[in-house]
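The block underneath contains the structure these notes are about, expressed in structure tokens.
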Amino acid sequence: MQIIQPHYHAIARTAQDYERMAMSGVVAVAEPAFWAGFDRLYPETFIDYFHQISEFEPTRAAEYGIKHYCWVAVNPKEAENPKLSHEVIKHMPEFYKKPTVLGVGEIGFHKTTKNEEEIFEAQVEQAIKYDQLILIHTPHLQDKVRGTKRTLEVLSHMNVNPERVWIDHVEEHTIREPLEAGYWVGFTLYPITKCSPKRAVDMLEMYGHERILVNSSADWGPSDPFTLQQCVVQFRARGYSVQDAIEIFHNNPARFLGQNPKFDIKPIQLEAIEENVPV
Amino acid sequence: MMQTALQVLDREYLEARCALLELAAALDRIDRAHDHEGGTGDLNDSRLELLNQAIRTLSEESHLPNRSERLLLLFSDLG
């Protein structure tokens with residue numbers, strides 16, 4: 001089955017992960033800009049990083065037949081330094097011209113501070129100005145509800161089209177409001193700290209599959225790219241068809257990311273494929 | 001040297017939180033399926049009663065030691 005992994009921090013993973021993902025049906029990954037594990041000190045460090053995810057990673061992924069796309073942003077954990085953040089933001093439009101850059105993300109809140117909010121707003125404004133998709137990180141653990149609520153409040157005062165905004169890392173206690181407001185939402189599947197594959201399938205059963213993305217958010221911390229495939233297996237084990245699974249794990253990311261014409265992987269229908277196969 | 005209680009809590013908190021969330025989600029899943037089938041009231045199944053008894057054991061006797069041993073005995077056929 002073909003899968004799109006919409007949230008994947010490839011620079012923290014090995015080529016072997018690409019190989020295993022290719023073997024499990026992953027046809028594309030999208031890499032949001034991420035925290036390096038330490039706070040970067042210079043705008044140039046971010047610029048080099050943006051070059052890495054927009055130039056080097058597509059070539060590495062292509063060796064395994066996987067298309068690699070990315071997002072650029074100052075992530076929430078580094079938004080506490082407004083001077084540095086504004087300097088980086090000034091350079092981001094250069095990257096919107098790159099053939100695999102899909103938008104601005106991850107932005108949003110980590111500790112829901114004033115500085116984070118200032119940089120979040122600045123990046124949303126720039127995304128609107130340059131007609132970019134927006135990917136929003138919501139905080140971890142005990143800060144998640146507060147940060148998600150503040151995210152929605154900030155966005156409600158800005159001229160965003162909710163259909164072009166993806167609010168990520170939602171769980172049972174934060175999914176309802178963003179969905180009802182018309183945004184896309186994402187589940188991030190982690191071994192311990194965030195949503196599990198089983199709980200993700202529960203939410204798909206409760207909320208349907210429209211405007212929902214599922215991703216493993218593989219990164220340099222305790223994480224596993226294959227929590228996404230575990231979710232596919234869990235979904236199928238509950239009796240849903242391959243086409244149902246394709247709708248969620250391939251077609252939904254194709255629909256959301258495909259709002260940027262650079263993302264050229266289209267939704268697929270099994271019946272259509274079967275009709276075209278010579279007998 | 002044995003870890004301090006706080007060190008153990010630091011190490012175990014997220015895993016314990018995860019286990020509780022998985023348990024809550026599993027019980028919700030059973031309830032939803034039961035509702036979907038048109039069931040009314042509690043599902044009458046001895047395994048569910050054992051799970052509920054185990055949860056009560058943990059919450060009502062949280063100060064007592066050997067929780068895992070007591071739960072395993074609860075789940076054992078001692079006939």
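Because the structure is a prediction, the values reported are computed rather than measured. Below, chains carry the letters A, B, ... as their sequence lines are ordered, and counting in each starts from 1.
- Around the CG atom of Asn44(B), the shell of radius 6.0 Å holds no more than 12 heavy atoms that belong to other residues, nucleotides or ligands.
- Ala25(B) approaches Asp202(A) most closely through the heavy-atom pair CB-OD2, 3.7 Å.
- Shortest non-hydrogen contact noted between Pro191(A) and Cys18(B) is O-SG, 4.1 Å.
- Enclosure of atom CD in Glu163(A) is not indicated, since only 12 or fewer non-hydrogen atoms of other residues, nucleotides or ligands lie within 6.0 angstrom.
- Atom CG of Asp28(B) sits in a crowded spot, with more than 12 heavy atoms from other residues, nucleotides or ligands closer than 6.0 Å.
- By the neighbour-count criterion of 12 heavy atoms within 6.0 Å, atom CZ of Arg47(B) is sparsely surrounded, having that number or fewer from other residues, nucleotides or ligands.
- No option in Ile192(A), Thr193(A), Leu141(A) other than Leu141(A) meets the side chain to side chain contact (heavy atoms under 4.5 Å, CB included) test with Arg17(B).
- Between Arg238(A) and Arg29(B) there is a side-chain heavy-atom pair separated by less than 4.5 Å.
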